[in-house]
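We use all heavy atoms of the structure for the numbers below, so side chains are in, but hydrogens, waters and symmetry mates are not. All values reported here derive from a predicted model rather than from experimental measurement.
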Amino acid sequence: GHRFRYVGGKYNRVVPEDLSEVLKHQRKTIKKMNLIFVQICTNDYTNGSRSASLQNVTRHLALEINYIHKVNPRAKVYGILPISRYDVLGRSCDHIPNMYGYTFDQLRAAEARTYRRNRATVVDFNQIAPTVISWHNRDQTLQDHKIHPTAQTAQRLGYALACWLIARR
């Protein structure tokens, strides 16, 4: 996509919102990075996202990962899978098809395959931090009870990620 958003306050500027635009605007910075984390697609699952098919989502993801490798072939790329998501009734979206016909589990599986095929290491919080977000604690760990983590949850996920990265060294 080509979406931008306005960031007010001390920044007071328009910034890219979609990964493809972020990558283009941050090309010089990407060249200097050792580790690059990519996280997309939870909004691609959302009805009305205009992302269309799962094949379209993964094709764009593959293009963006390959762009990163082209700009900085030395960087280690990590692809973060979307965290657990719940609908307005509190049901896990894992097995609920969206308007494009795929489930959240299918999105995660397709993303994981795409990351692996394109030389990115998969980060799956369901594996490295399985108890941080669950159906039982979603009201405490997700600020909207559906998808957006609270600050404390984000800290716990970050700590789990740091521990996982250290263990893999």
Side-chain angles (χ1 to χ4, degrees), residues 1 3 16-24 26 30 33-87 91-138 141-142 144 146-149 153-169:
R3 293 182 307 177
E17 193 172 79
D18 290 320
L19 182 58
S20 58
E21 292 298 325
V22 170
L23 294 176
K24 288 178 200 169
Q26 296 298 324
I30 290 168
M33 295 178 171
N34 296 323
L35 301 175
I36 299 173
F37 294 90
V38 177
Q39 182 178 16
I40 67 165
C41 293
T42 189
N43 289 337
D44 291 304
Y45 172 80
T46 306
N47 290 329
S49 69
R50 298 185 319 223
S51 295
S53 70
L54 188 54
Q55 181 181 10
N56 187 54
V57 172
T58 56
R59 184 175 58 82
H60 283 280
L61 179 58
L63 289 170
E64 291 157 350
I65 295 167
N66 286 316
Y67 177 83
I68 292 169
H69 285 304
K70 181 180 172 186
V71 171
N72 185 345
R74 296 174 319 282
K76 177 73 176 157
V77 179
Y78 292 89
I80 301 176
L81 299 182
I83 60 173
S84 299
R85 183 183 187 113
Y86 302 90
D87 69 6
R91 299 175 300 184
S92 169
C93 292
D94 288 353
H95 306 290
I96 300 173
N98 65 5
M99 69 185 283
Y100 305 111
Y102 59 88
T103 68
F104 202 59
D105 255 2
Q106 289 172 319
L107 172 65
R108 280 198 283 237
E111 273 192 60
R113 278 191 307 276
T114 302
Y115 286 132
R116 285 187 195 100
R117 287 179 182 158
N118 293 281
R119 302 180 329 268
T121 301
V122 175
V123 176
D124 185 352
F125 284 112
N126 287 342
Q127 292 179 2
I128 66 172
T131 60
V132 173
I133 299 172
S134 69
W135 182 84
H136 298 290
N137 70 12
R138 72 187 185 288
T141 57
L142 301 174
D144 57 3
K146 292 185 281 188
I147 184 66
H148 299 100
T153 302
Q155 288 175 333
R156 291 179 66 202
L157 292 171
Y159 182 76
L161 178 59
C163 292
W164 182 78
L165 289 169
I166 291 167
R168 294 178 52 87
R169 290 178 29 187

As a quick check of understanding, evaluate side chain to side chain contact (heavy atoms under 4.5 Å, CB included) for Val123 and Leu165, giving each step before the final call. CA-CA 10 Å; Val123 176; Leu165 289 169; 5.9 Å; no

Checking side chain to side chain contact (heavy atoms under 4.5 Å, CB included) for the pair Val77/Arg119: CA distance, chi angles, key distance, verdict? CA-CA 7 Å; Val77 179; Arg119 302 180 329 268; over 6 Å; no

Would you check, one step at a time, whether the test side chain to side chain contact (heavy atoms under 4.5 Å, CB included) holds for Thr131 with Asn137? CA-CA 9 Å; Thr131 60; Asn137 70 12; 6.0 Å; no

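In this pair, Trp164 and Tyr78 present their aromatic rings perpendicular. The plane angle is above 60°, beyond the 30 to 60° band.
When side chains are defined from C-beta on, Val57 does not count as touching Tyr100, because their heavy atoms never get closer than 4.5 Å. Contact annotation: the side chain of Ile80 never approaches that of Tyr115 to less than 4.5 Å [non-hydrogen atoms, C-beta and beyond].
Closest approach of Leu142 to Ser84, counting heavy atoms only: CD1-O, 4.5 Å. The two residues Gly101 and Gln106 have their closest heavy-atom pair at O-OE1, 4.0 Å. Shortest non-hydrogen contact noted between Leu81 and Gln39 is O-NE2, 4.4 Å. Across all their heavy atoms, Thr141 and Val132 have their closest contact at CG2-O, 3.1 Å.
We find the CD1-CD1 distance between Ile65 and Ile36 to be 11.0 Å, quoted to the nearest 0.5 Å.
With respect to the salt-bridge test (charged N to carboxylate O, under 4.0 angstrom), the residues Arg108 and Asp124 do not qualify.
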